[in-house]
Each structure stands twice: as structure tokens, then as C-alpha cells.
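Quick note: residue numbers are just sequence positions, from 1. Since the model is a prediction, treat every value here as computed from it, not as a measurement.
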Amino acid sequence: MKQYDVIVIGGGHAGCEAALASARMGSRTLMITLDLEKIALMPCNPAIGGVGKGHIVREIDALGGEMAKCIDRTGIQFRILNRSKGPAVHGSRAQADKELYKNDMRRVLENQDGLELLCREVNELLIEDNIIRGVRMDDGSELLAKSVVITTGTFLNGKMHIGMKNSPGGRVGEKPSSHLSQSFLSIGFELGRLKTGTPPRLARDTINFDVCEIQNGDPFPQPFSFSTDKIDRPQIPCYLTNTNEKTAQIIRDNMHLSPLYSGIIEGIGPRYCPSIEDKIVKFPDKNSHHIFLEPEGLNTDWIYPSGISTSLALEVQEKLIHSILGLEEAKIVLPGYAVEYDFVPPTQLSATLETHRVKGLFHAGQINGTSGYEEAAGQGLIAGINAALKAQNRPSFVLTRMESYIGVMIDDLVTKGTEEPYRMFTSRAEYRLLLRQDNADARLMGKGLELGLIDADTYKRCTEKQAIVEKEIQRLTKTKVVPNQATLPTLEKIGIDDLKTPTTLAGLLRRPEINYVQLTQAFGDETLPPLEGEQVEIQVKYESFILRQNQLAEKQKRLENYHIPPNFAYDQVSGLSREVVQKLQNVNPGTLGQASRISGVTPSAITLLMLLLERRTKEPIPLNKQAG
């Protein structure tokens with residue numbers, strides 16, 4: 001019987017990062033997936049990144065993950081979103097060549113030392129004394145492991161819907177994983193039901209792009225990975241069109257053929273990426289909705305019409321497509337469809353993504369109730385890291401919400417849970433000015449080095465970059481400009497005509513109308529490369545705001561430093577209400593900070609717990625002896 005350190009079930013974006021992280025950390029790792037040809041497939045939007053999501057991809061890269069490098073090698077259009085807004089909400093996004101992306105990721109997996117790939121179905125988890133021991137395959141054979149990571153995506157008891165027809169499936173043309181759901185229930189896990197969907201795919205040569213608005217990428221594409229020097233792949237445009245009142249009427253007239261509104265679909269769909277049926281029903285006063293026509297690759301005829309996800313009957317899909325400007329003659333090459341699937345509510349996990357119920361068992365991706373490739377990959381990386389650490393008997397690894405978007409996401413999931421597919425937004429982070437995508441390397445690359453996922457040369461480049469930025473900030477802070485006959489023409493040239501007293505270059509840069517390149521060029525100074533210059537400008541312009549958020553983060557860290565034993569007996573603490581005890585027992589928080597974010601846990605309860613934890617060195621605190 002084969003023995004592995006870590007087994008990863010599933011070959012989607014979560015599974016890829018989990019398997020690579022585990023193997024790169026020296027653990028003998030096996031990835032089991034239903035179809036090796038579908039590894040890292042993009043079944044929905046052919047893109048990586050976006051606002052909030054792009055931050056996660058940068059953090060994955062800073063920790064030693066693969067997603068950023070893969071999209072840099074296979075992207076066909078790169079854009080920075082929200083450029084006109086503050087740096088905290090800038091978001092990198094890249095259109096992907098779907099075929100190139102999955103092939104490239106598979107190549108990386110196949111060439112990774114210590115990692116094996118197996119095309120099979122897992123039917124059952126092997127558990128002994130609430131500890132994972134391995135998995136049982138569909139043919140009855142068993143494989144043993146010290147840790148197991150579940151990344152099953154939409155395949156857990158998956159059911160596909162097109163109109164009134166439905167069939168078992170996790171994705172188009174792929175069978176679901178039904179036995180694992182039963183295994184979870186038999187172990188005692190709570191399961192929930194969610195829904196997602198995709199739009200129909202269209203044939204490129206049947207679309208009239210001339211009447212659509214062209215959407216070009218950035219003229220100088222900015223890579224995702226801190227190790228990519230430049231993007232040299234050909235870039236292609238996307239196009240924009242819109243639905244109209246005719247489209248809306250077609251959907252209203254055929255709502256009885258929608259499985260979503262006829263009661264056939266029971267799972268809850270994504271709030272922030274709704275179907276076109278949802279948009280028409282929930283926003284009845286909006287006469288038009290954007291549709292982005294996105295190529296799925298350089299060598300495919302398929303176009304992805306982002307914005308019209310639907311599970312309506314095929315004949316209705318054809319009518320609504322033909323009602324849209326530019327799509328009057330468009331041919332559907334693959335109908336849109338919805339997928340219902342089981343998920344395991346994530347409050348049953350710790351911040352390491354290990355389950356409370358079974359030690360050594362980790363969950364990542366849509367099984368935790370999230371949506372999106374990026375959210376899945378971020379969880380997969382953390383689950384893979386901790387699965388490897390568990391197998392090696394090393395301390396676990398946790399990212400807090402004060403230091404990363406991945407930490408925000410995981411803390412949200414394990415503390416608050418989710419009743420709908422979770423999506424990352426910058427607004428979810430309390431300290432988003434500290435968690436910018438441009439400084440992910442400075443925040444996290446040291447941790448990647450400690451884990452063995454970042455090499456010394458990569459980390460050295462990171463520290464050298466930081467040193468250059470700091471040196472330039474110091475120069476700008478110390479160098480003064482005195483308004484006189486020699487400097488006034490230069491100041492007026494960059495739009496400053498009101499300077500009356502000597503001011504540092506940093507003081508001038510804080511003015512909203514001045515940027516770093518203008519300033520250095522005006523005074524004949526050497527301008528740093530774009531990435532370093534961006535860091536200088538952000539840190540100088542937002543210095544007071546960054547300082548304030550750092551102070552708030554430090555206060556929050558104090559609560560995170562109060563670690564709560566996993567077998568803490570809340571029901572033995574006098575002064576805690578029954579509601580508070582129940583909520584604390586359900587979530588089983590690892591720190592006082594996490595406990596403070598549980599809905600219904602009062603400030604007075606946190607104060608009481610703090611006092612108990614502070615006294616723990618002098619007298620014993622209540623512990624549950626059965627759990628301990």
C-alpha cells in the first residue's frame with residue numbers, strides 16, 4: 001500500500017497550488033484528479049485577477065506560488081483596473097489563453113520533483129480516531145497519507161442545469177464526485193448547497209465587432225509576478241456591448257423556463273456575479289447591462305460574453321443573444337449552464353484550513369464556499385503549506401487579516417462562514433492601504449523564504465528593491481527646495497506657483513497634482529525604474545494614512561497575540577451568556593482577535609476572556625477534558 005506525506009484531491013486552481021507548495025517544501029505529494037487534461041481549467045471567465053483578486057495573485061507569488069507566473073507566460077491582455085483611484089484599489093487583471101494556461105500549469109506540475117499525478121476518483125476518506133489516514137479509490141484500493149487536502153471545486157454531488165433539463169456533472173462533459181459527499185456526511189460534517197453558472201460561448205466569426213466598443217489592454221503590460229521582467233506575448237483586444245429592453249423582455253417572457261426561478265435549483269448563487277435572469281429580476285429599472293466579449297485564446301474561435309451567465313433553455317439563450325447589438329447573427333457553440341454543488345461550511349475549519357473534526361484533513365477552494373480562481377488558489381497555497389507542515393511535524397502557518405488579503409479571506413470564512421459564494425473585494429480589508437498589490441513582496445516574501453518556497457536570490461532582489469525605495473524616500477525627505485529666481489521657473493513648469501517657504505521634495509510630492517516622475521525630471525534627478533518609483537510615490541503621498549493604519553493594525557495584533565487553546569471550555573466560564581458560549585463553541589476561534597469578529601460575541605465577553613487568558617500563567621484556565 002503506497003504511503004505519501006500529502007494527498008491532494010482535485011486538479012483545479014486550489015489543487016495545483018496545494019500540490020506544488022507541498023512538494024516544493026519537501027513532502028512526497030500525490031495529486032488525484034478525475035481528468036489530467038482538465039488540470040487548471042478555466043471553466044468560467046478566461047481571466048486572472050481584478051480588484052481584490054489581483055491582490056491575492058500577487059500574494060500567492062510573494063509566497064512562492066505559481067498562478068502569477070503562469071498567467072504572465074500565457075496572458076493575452078493585461079490591464080490595471082481603477083488607475084484613476086487610489087493605490088489601495090488598483091487591481092491587475094489579465095485575459096488568459098485558456099488552453100495555454102492549463103497546459104503550462106500541467107507542465108509545471110509534471111516537472112515538479114516530489115509530485116505525482118494520478119487520474120482516478122476518490123470515493124472515501126480513511127479516518128481513524130479523528131485523524132486522516134488516507135483515501136479509498138473507486139476500485140477499492142487504498143492510498144495512505146499523513147495529510148489530505150480536498151479541492152473538489154463544483155464536483156461534490158454536482159448537478160448541471162440547462163432550462164428544465166438537468167443531469168449529474170461538475171462541469172460540462174464531466175461526471176460529479178458523489179461518493180465523497182456521503183463520506184463527509186458519515187464523518188459528521190455539515191454540508192450546504194451552492195450554485196454557479198456560465199454564459200453561452202459564441203463563435204468569433206459570427207459576431208459583428210465593428211458596432212461594439214473596443215477594449216484594449218495597457219500599452220505597457222505590467223506582469224503579475226515579481227520575478228517576471230516583462231510581458232512579450234502578443235496582446236489582443238476585447239469588446240464591449242450591452243443588453244437592451246428587448247433582451248429583458250425575452251427573459252421576462254421565458255422566466256418559467258428558468259430552473260433558477262422555477263424552484264428546480266435550490267443552491268444559492270453568487271451575489272456579485274449574478275445570472276442575467278437575476279439581473280433582470282433584481283434590477284428591473286436598469287435597461288441595459290454591460291457584456292464584455294472576451295477571446296478565450298489566440299488559437300480558438302470561442303468568445304466568452306462576460307455578463308450574461310444563464311441557465312435558460314437553449315432556444316431562449318439564442319433569442320436573447322440575437323437581441324444584442326453585434327450579436328444578431330452570433331452562433332452559440334456551447335450553451336450557458338448552471339451547476340449546483342455541495343460545500344462544507346468553512347466555520348468547521350481553523351485558520352490553517354485544517355478541519356476541526358478530522359486532524360490532517362484540509363479544505364481549499366469552492367468546497368469552502370468561495371467563488372473565483374484566485375480565491376481558490378490562495379486557499380490552496382495555504383492548505384498545501386499547512387498539510388506539508390503537518391506531515392513534517394512542524395508548526396502551522398497562518399496569515400492574519402492585518403498582513404494579507406489571503407488572511408482576510410480565510411479569517412472571513414472560518415470566523416463568519418458564508419451562505420453564498422464568497423468573493424474577494426478590497427472593501428473587505430480594514431487595512432487595505434497597507435495591503436496594496438504593489439507591496440505584496442515586501443509584506444510576504446520573507447515568509448515564503450522561511451517556508452522554503454522562495455529562493456535566496458529572489459528574496460535578495462526583494463530586499464534590494466526595498467533598500468532603493470527607502471534610500472530615495474530619505475533623499476526626498478532631506479532635500480529642500482528654496483523658492484527663488486533660480487527655482488521658480490522649474491516650479492511653475494510643474495504647476496507650482498504658490499510656494500512661499502522652503503519645502504522638501506517629499507513635501508512637493510505630497511501635492512495631488514505632482515507625481516514622482518515629474519518631480520525628478522524637473523529637478524534633474526535620476527528617476528527610479530517604474531516599480532520602485534511607484535513605491536516611493538505611494539509611501540510619500542500617503543504617509544500619514546499609512547501611519548494611522550499601522551497604528552490601528554498594531555492594536556488589533558494585540559488581540560491576535562492572545563491564543564485560545566483548542567479545547568477551551570467556554571461553558572465553564574461564569575459570565576458568558578448561552579448565546580456567546582454557543583457561538584464560540586461553533587467557531588472554535590484560535591485567537592482572541594478571531595473571537596472578537598464572531599457575530600454576537602460582545603465586547604464584555606472579549607474582556608472577560610482576555611482576563612482569563614492573562615491569568616493562565618498563574619492559575620489554570622477551564623479546558624474541556626474530553627477534547628483535551
Side-chain angles (χ1 to χ4, degrees), residues 8-18 21 40-45 47-57 59-60 65 67 91 149-158 170-171 177 184 189-198 267-274 309 338-355 362-386 398-399 401 404-429 587:
V8 177
I9 301 174
H13 302 280
C16 291
E17 295 295 348
L41 184 70
M42 293 180 173
C44 198
N45 200 350
I48 295 293
V51 179
K53 292 169 173 283
H55 293 68
I56 290 177
V57 180
E59 291 177 353
I60 291 169
M67 177 173 269
V149 184
I150 311 287
T151 68
T152 44
T154 59
F155 283 77
L156 273 185
N157 205 20
R171 283 192 301 242
S177 177
F184 280 120
F189 283 102
E190 174 195 349
L191 296 185
R193 195 82 170 149
L194 294 176
K195 167 258 175 188
T196 189
T198 73
I268 300 172
R271 178 188 300 267
Y272 301 105
C273 188
S309 173
V339 182
E340 269 189 296
Y341 56 95
D342 289 343
F343 80 110
V344 182
T347 51
Q348 300 170 91
L349 305 174
S350 71
T352 64
L353 296 181
E354 184 180 23
T355 67
F362 298 80
H363 294 176
Q366 284 174 289
I367 190 173
N368 290 338
T370 58
S371 67
Y373 313 139
E374 304 82 1
E375 289 90 340
Q379 294 170 72
L381 178 65
I382 300 304
I385 288 170
N386 280 304
V398 172
L399 286 176
R401 62 189 305 121
S404 68
Y405 271 89
I406 295 175
V408 170
M409 170 178 62
I410 292 175
D411 185 67
D412 281 350
L413 292 170
V414 304
T415 303
K416 304 171 185 176
T418 185
E419 296 181 352
E420 60 187 41
Y422 177 99
R423 179 178 178 180
M424 176 50 68
F425 294 101
T426 54
S427 57
R428 295 191 188 273
V587 175

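Here Tyr373 pairs with His13 under the ring pair (Phe, Tyr, Trp, His ring centres under 6.0 Å) rule; sequence neighbours left out. Under the rule for a salt bridge (charged side-chain N to carboxylate O under 4.0 Å, His left out), Glu419 has no partner lying at least two apart in sequence or in another chain. Considering only residues two or more places apart in sequence or on other chains, Asp342 meets the salt bridge (charged side-chain N to carboxylate O under 4.0 Å, His left out) condition with Arg193. Taking the ring pair (Phe, Tyr, Trp, His ring centres under 6.0 Å) definition, one finds that His55 meets it with Tyr405, sequence neighbours left out. Take Lys53 and apply the salt bridge (charged side-chain N to carboxylate O under 4.0 Å, His left out) test, not counting sequence neighbours, and it matches Glu374, Glu375. Residues satisfying the side chain to side chain contact (heavy atoms under 4.5 Å, CB included) test with Arg271, not counting sequence neighbours, are Glu420.
Smallest separation of non-hydrogen atoms from Ala14 and Ala376: CB-O, 3.2 Å. In terms of heavy atoms, Pro346 sits closest to Gly417 at CG-CA, 4.1 Å.
Counting only heavy atoms from C-beta outward, the side chains of Leu353 and Asn368 approach each other to under 4.5 Å. A 4.5 Å side-chain heavy-atom check between Glu59 and Leu399 finds every atom pair outside the cut-off. You'll find the side chain of Arg171 stays beyond 4.5 Å of the side chain of Val339, heavy atoms only. Residues Thr352 and Phe362 have side chains in contact (heavy-atom distance under 4.5 Å, counting atoms from C-beta outward).
Here the SG atom belonging to Cys273 is positioned 7.5 Å from the CG atom belonging to Asn45, to the nearest 0.5 angstrom. The distance from the CZ atom of Phe184 to the CG atom of Asn157 is 12.0 Å, given to the nearest 0.5 Å. Interatomic distance, NE2 of His363 versus CG of Leu349, reported as 6.5 Å (0.5 Å rounding).
Each of Arg428, Arg401, Lys416 was scored for a salt bridge (charged side-chain N to carboxylate O under 4.0 Å, His left out) with Asp411, with one residue passing: Arg401.
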